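Before any comments, here is the structure.
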Amino acid sequence: MQVKRIVANIATIDRKAARSFYQDILGLELLMDHGWIATYGSDQQMAVQVSVASEGGSGTPVPGLSIEVDDVDEAFSAMSAAGFEITYGPADEPWGVRRFYVRDPFGTLVNIVSHTG
């Protein structure tokens, strides 16, 4: 048996609010919409990972999602300009990443991260 895909599911009564955060700012495509569920993603091949943590590093809470981007500062500027709540950073961490935490429209704590090394 081999894991083929991992999908994060976020509960909400307002799926339309996801569009600005996940599609407009982060650039994910709307892959599926059945009215009660919308799936955003990319056809780019990505590593399958599940992280289990007692903290988020640097004394931060554990984020519900981590999304790796190619330019953290550009993502930070776009999220800030759109009025999303930034709760940490941007910060250069000692383990070789630059990141910030932002709350998505549903309150999910999202770690936006890029490797620096």
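Quantities reported herein were computed from a predicted structural model and do not represent experimental measurements. When a residue number appears, it is its place in the shown sequence, counting from 1. All heavy atoms count here, side chains included; hydrogens, waters and symmetry mates do not.
Checked against side-chain hydrogen bond (donor to acceptor under 3.5 Å, both in side chains), Asp71 has no partners two or more places apart in sequence or in another chain.
Using a 4.5 Å cut-off on side-chain heavy atoms (C-beta onward), Gln49 and Ile6 make no contact. Side-chain contact check for Thr60 versus Thr87: every heavy-atom pair is 4.5 Å or farther apart. Looking at heavy atoms from C-beta onward, Tyr101 lies out of side-chain contact with Ile86 at the 4.5 angstrom threshold. In this structure, the side chains of Glu29 and Gln23 stay at 4.5 Å or more apart for every pair of heavy atoms. The closest side-chain heavy-atom distance from Glu85 to Pro105 is not below 4.5 Å. Counting heavy atoms from C-beta outward, Val48 and Arg5 have side chains that stay 4.5 Å or more apart. The side-chain heavy atoms of Ile67 and Leu26, taken from C-beta on, include a pair separated by under 4.5 Å.
Closest heavy-atom contact between Ser20 and Phe84: OG-CZ, 3.5 Å. Considering every non-hydrogen atom in both Pro63 and Gly56, the closest pair reads CD-CA, 4.2 Å. Of all heavy-atom pairs spanning Arg103 and Gly107, the tightest one is NH1-O, 2.8 Å.
Partner of Val102 under the side chain to side chain contact (heavy atoms under 4.5 Å, CB included) criterion, out of Asn111, Val110, Leu109, Thr108: Val110 alone.
Remark: the backbone N or O of Met32 is not paired with any side-chain donor or acceptor of Tyr40 at under 3.5 angstrom. A donor-acceptor distance shorter than 3.5 angstrom exists from the side chain of Arg15 to the backbone of Gly35, with no hydrogens or angles considered. The closest donor-acceptor contact from the side chain of Glu55 to the backbone of Gly59 lies under 3.5 Å.
Between atom CD of residue Glu74 and atom CD1 of residue Ile25 there is a gap of 11.0 Å, rounded to the nearest 0.5 Å. Between the CD atom of Glu93 and the NE2 atom of His115 there is a distance of 11.5 Å, given to the nearest 0.5 Å.
Donor-acceptor pairing under 3.5 Å is lacking for the side chains of Glu68 and Ser114. A donor-acceptor pair shorter than 3.5 Å can be found between the side chains of Asp104 and Tyr22.
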- Task: Applying ring-ring contact (aromatic ring centres under 6.0 Å, His included), run through Tyr88 and Phe100 and close with a yes or a no.
- Result: CA-CA 5 Å; Tyr88 177 76; Phe100 68 94; 9.7 Å; no
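Clustering ILVMFWY residues whenever any of their side-chain heavy atoms sit less than 4.5 angstrom apart, transitively, puts Phe76 in the very cluster that holds Leu65. Under the 4.5 Å side-chain heavy-atom criterion for Ile, Leu, Val, Met, Phe, Trp and Tyr, Val97 and Met79 are members of distinct hydrophobic clusters. By the criterion of side-chain heavy atoms lying less than 4.5 angstrom apart, applied directly or through intervening Ile, Leu, Val, Met, Phe, Trp or Tyr residues, Val62 is not grouped with Ile10; the two fall into different hydrophobic clusters.
Using a 4.0 Å cut-off between a side-chain N of Lys or Arg and a carboxylate O of Asp or Glu, Arg98 and Asp73 qualify as a salt bridge.
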